[in-house]
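A quick write-up on the structure given underneath.
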2 protein chains.
Amino acid sequence: MSDRRDILRGIGAGLAIGLGSTASARALAREKGRKLGYAVVGLGYYATQQIMPQFKNCEFAKLTALVSGTPEKLTRYGAEYGIPRTHWYDYQSYDRMRDNPDIDIVYVVLPNGLHAEYTIRAARAGKHVMCEKPMATSSDECRAMIAACKAANRKLMIGYRSRFEPYNRLAIDLARSGHVGPTREIVAAHGFPIAPDQWRLDRELSGGGSMMDIGIYSLNAARYLTGEEPTYVSASESTDRSDPRFREVEDRVNWEMAFPSGILASCVSSYSSAHNRYRVTGTKGWIDMEPATSYAGQAMRINRDGTTAPRVLPTPEKNQFTAQLDHLAQCVLTGDTPLVSGEEGLRDLLCIEAIYASAREGRRMEVAAV
Amino acid sequence: MSDRRDILRGIGAGLAIGLGSTASARALAREKGRKLGYAVVGLGYYATQQIMPQFKNCEFAKLTALVSGTPEKLTRYGAEYGIPRTHWYDYQSYDRMRDNPDIDIVYVVLPNGLHAEYTIRAARAGKHVMCEKPMATSSDECRAMIAACKAANRKLMIGYRSRFEPYNRLAIDLARSGHVGPTREIVAAHGFPIAPDQWRLDRELSGGGSMMDIGIYSLNAARYLTGEEPTYVSASESTDRSDPRFREVEDRVNWEMAFPSGILASCVSSYSSAHNRYRVTGTKGWIDMEPATSYAGQAMRINRDGTTAPRVLPTPEKNQFTAQLDHLAQCVLTGDTPLVSGEEGLRDLLCIEAIYASAREGRRMEVAAV
């Protein structure tokens with residue numbers, strides 16, 4: 001199957017993701033050996049346990065600075081990653097990153113409610129920005145972030161790591177190329193039973209419940225698997241407000257999306273049950289991923305012509321975290337637009353706003369245009 | 001696990017399904033060796049290839065009469081099953097079944113649009129009725145059928161065979177008993193790419209598209225797995241009206257249902273893609289069935305405490321078809337109410353009407369009360 005070989009070749013080659021042009025490849029070749037410096041902002045679990053350990057495998061990126069409000073974290077991770085005290089910042093000294101030429105890119109890994117402020121301040125300090133998803137807590141914030149980066153002539157990318165994960169990339173290509181016939185249905189479910197007492201349950205910091213967190217994987221998957229923007233959404237919420245975890249934010253949201261080509265998607269987002277899967281069903285079979293968007297261990301099965309078989313890919317040279325970090329560095333070096341730009345983050349927020357409105361009002365909602 | 005043993009014991013015993021009381025068991029013991037006579041109405045694929053071959057395995061039921069508008073079918077199946085010409089009927093002579101004491105039960109396997117008429121005529125002819133699902137094409141028809149059977153003091157059962165299938169029975173028990181924690185989410189998908197030129201695509205005969213056919217499996221499963229009635233539904237339809245199959249009826253309907261305990265269900269019904277599965281997710285794991293409601297070959301996996309394992313049941317003494325045929329005969333003999341009565345069929349129709357209305361009007365719809 002030539003489609004699979006092409007995709008594997010693309011995944012295997014370090015430069016292939018989102019950098020198609022010959023000019024880009026040449027620009028990158030000239031920069032060979034150069035690594036751009038990242039400042040990681042917010043030293044929580046995801047930053048310290050998932051992202052920071054990946055820099056050692058990067059081709060174009062290195063960790064050069066740390067930002068935290070907790071001095072002990074700066075001391076600890078500064079020592080662990082050999083980051084000198086001159087490259088430690090807190091949220092007061094944040095804007096002084098402007099004067100540090102070792103920092104090219106700022107990676108915002110803060111609670112959602114702080115994404116906009118620290119993205120805008122980073123852009124104004126002359127830095128390119130990688131921002132975790134959800135991009136922000138409202139589409140207005142997203143627009144302000146895009147505008148700030150544009151005004152500063154800095155790149156903005158959102159941390160949708162699945163777009164750099166080989167199985168998800170293969171699923172996208174197979175689904176869009178009609179490997180199981182034209183797609184008719186997508187079912188996507190993401191959730192986990194959330195532990196109490198954390199920022200995700202604080203509305204001001206999170207902007208919402210499961211839908212602003214794990215649910216975005218179902219939403220984004222439905223969009224990247226179709227390559228289309230939903231025309232409308234229809235949503236239902238269920239939250240036990242007597243559960244102390246859900247005093248401020250919602251537990252579960254299920255929603256449908258209709259796409260222009262006629263595809264329907266049914267999605268689940270949950271903070272009280274575990275889900276990590278999607279299935280794309282076409283007229284001739286289906287592509288199933290479970291787990292679909294985990295940190296590792298993706299598993300794919302394909303049903304075609306009445307037969308179901310697992311599809312196993314070789315381990316890629318770069319995992320999804322490394323590829324994502326390198327991608328933005330490569331885009332900075334070449335001038336290319338990131339595969340997952342601020343507009344992509346904005347599109348998800350527009351959908352989320354429509355989903356919340358639909359669940360609240362009990363009626364179908366159109367998704368606002370970018 | 002005592003719950004499993006109890007269920008298996010129940011499934012193994014011929015009398016266990018829906019016949020709990022000692023009085024019923026005694027009544028049945030007195031009738032041992034007696035088989036009630038069924039007339040099968042409508043000699044299409046499902047009747048002739050799935051139902052009629054099962055009578056030979058029944059304990060309390062036998063095939064004694066045939067109804068068809070096609071003389072060749074009466075000749076052919078009359079010979080195959082040893083049914084004498086005196087026990088052949090067409091739709092004109094149908095009511096004369098009244099005078100045939102060899103017929104106790106009439107099994108209506110006609111297109112949906114004919115269920116009401118032939119159920120009511122059977123009851124008026126003094127016969128008990130098994131009617132295929134969907135019970136009818138409207139809740140009004142369902143009420144008329146229930147009333148006619150009640151007036152004639154005859155039993156009415158709807159052919160929801162999955163309620164007699166061991167894996168589905170186990171799934172119901174595990175889900176309702178909290179084996180994977182209280183249920184939070186149900187995802188159920190049923191569909192198949194429909195062949196052109198058949199009664200299912202003729203609105204007058206079918207009453208609708210996939211939702212009036214394969215979709216009812218998703219709906220009924222969500223209801224039997226929860227044991228609750230939905231408080232509201234929210235639905236979306238997608239149909240390519242340029243496809244000659246879908247001139248009169250819909251292709252796909254996706255819908256959500258909210259249940260009183262807070263459970264949400266996301267369901268898929270399709271006439272253009274293949275689906276046959278459901279998953280019940282609780283706070284501690286999930287129960288997955290795929291295929292879920294097929295004629296045979298059900299497969300169950302259970303995830304609990306982070307481990308996923310298949311669950312394999314022994315082959316039952318009676319398969320779902322045989323158990324279903326025997327069940328109504330047993331109820332007639334004992335006076336018990338069928339496990340899946342006319343009210344159960346009516347409840348599904350009330351949901352379907354709300355689903356269609358929701359898809360049409362683009363807003364959440366409450367489900368009308370029985």
Side-chain angles (χ1 to χ4, degrees), chain A residues 180-189 191 193 231-241 243 251-259 261-275 277 279-286 288 290 303 306 308 358-359 361-366, chain B residues 180-189 191 193 218 231-240 243 251-259 261-275 277 279-286 288 290 303 306 308 358-359 361-366:
Chain A
V180 292
T183 301
R184 301 286 77 198
E185 291 282 343
I186 291 175
V187 173
T231 47
Y232 69 80
V233 301
S234 176
S236 303
E237 186 211 313
S238 182
T239 304
D240 176 2
R241 294 291 174 185
D243 185 324
D251 170 9
R252 280 163 292 129
V253 181
N254 287 23
W255 73 97
E256 299 140 30
M257 294 193 282
F259 292 91
S261 68
I263 297 171
L264 291 178
S266 278
C267 300
V268 171
S269 172
S270 175
Y271 263 171
S272 62
S273 48
H275 315 258
R277 60 182 179 130
R279 182 177 294 191
V280 181
T281 307
T283 57
K284 295 174 183 171
W286 45 256
D288 188 279
E290 182 173 20
N303 172 285
T308 303
S358 173
E361 297 182 22
R363 63 187 177 89
R364 186 178 297 167
M365 299 294 290
E366 288 185 16
Chain B
V180 291
T183 301
R184 302 285 75 198
E185 291 282 342
I186 291 175
V187 173
S218 292
T231 47
Y232 67 81
V233 301
S234 175
S236 304
E237 186 210 314
S238 182
T239 304
D240 176 1
D243 185 324
D251 171 9
R252 281 164 291 129
V253 181
N254 288 22
W255 74 97
E256 300 140 29
M257 292 193 282
F259 291 90
S261 68
I263 297 170
L264 291 178
S266 278
C267 300
V268 171
S269 171
S270 175
Y271 262 171
S272 62
S273 47
H275 314 257
R277 59 181 178 131
R279 183 177 294 191
V280 180
T281 306
T283 57
K284 295 175 183 171
W286 44 256
D288 189 279
E290 182 173 21
N303 173 286
T308 303
S358 174
E361 298 183 21
R363 62 185 177 91
R364 186 178 297 166
M365 300 295 290
E366 287 185 16

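Computed from a predicted structure; not experimentally measured. Letters A, B, ... mirror the listed sequences (proteins, then strands); counts begin at 1.
- Side-chain contact check for R252(A) versus V268(A): every heavy-atom pair is 4.5 Å or farther apart.
- Residue contact with chain B, scored on non-hydrogen atoms closer than 4.5 Å, involves the backbone and the side chain of N254(A) alike.
- Of the two parts of T183(B), neither the backbone nor the side chain holds a non-hydrogen atom closer than 4.5 Å to a non-hydrogen atom of chain A.
- Judged as a salt bridge (Lys or Arg N to Asp or Glu O under 4.0 Å), and not counting sequence neighbours, the contacts of E361(A) are R363(A).
- In this structure, OG on S358(B) lies 8.5 Å from CD on E256(B), to the nearest 0.5 angstrom.
- Shown here are the salt bridge (Lys or Arg N to Asp or Glu O under 4.0 Å) partners of R277(B), two or more places apart in sequence or in another chain: there are none.
- Chain B forms more heavy-atom pairs under 4.5 Å with one residue of C267(A), S273(A), A258(A) than with any other, namely S273(A).
- Within the 4.5 angstrom heavy-atom criterion, only backbone atoms of A274(A) (N, CA, C, O) approach chain B.
- Remark: the backbone N or O of G262(B) is not paired with any side-chain donor or acceptor of R184(B) at under 3.5 angstrom.
- Of the atoms belonging to Y232(A), it is side-chain heavy atoms, and not backbone ones, that fall under 4.5 Å from chain B.
- Only the backbone of A265(B) comes within contact range of chain A, judged by heavy atoms closer than 4.5 Å.
- Annotation: maximal heavy-atom pairing with chain B below 4.5 Å, among A235(A), P182(A), S270(A), occurs at A235(A).
- When side chains are defined from C-beta on, D251(A) does not count as touching D243(A), because their heavy atoms never get closer than 4.5 Å.
- Between chain A and the options T283(B), L264(B), T239(B), heavy-atom pairs under 4.5 Å are most frequent for L264(B).
- In this structure the side chain of S234(B) reaches within 4.5 angstrom of the side chain of S234(A), judged on heavy atoms.
- Taking W255(A), W286(A), F259(A) one by one and counting their heavy-atom pairs under 4.5 Å with chain B, the maximum is reached by W255(A).
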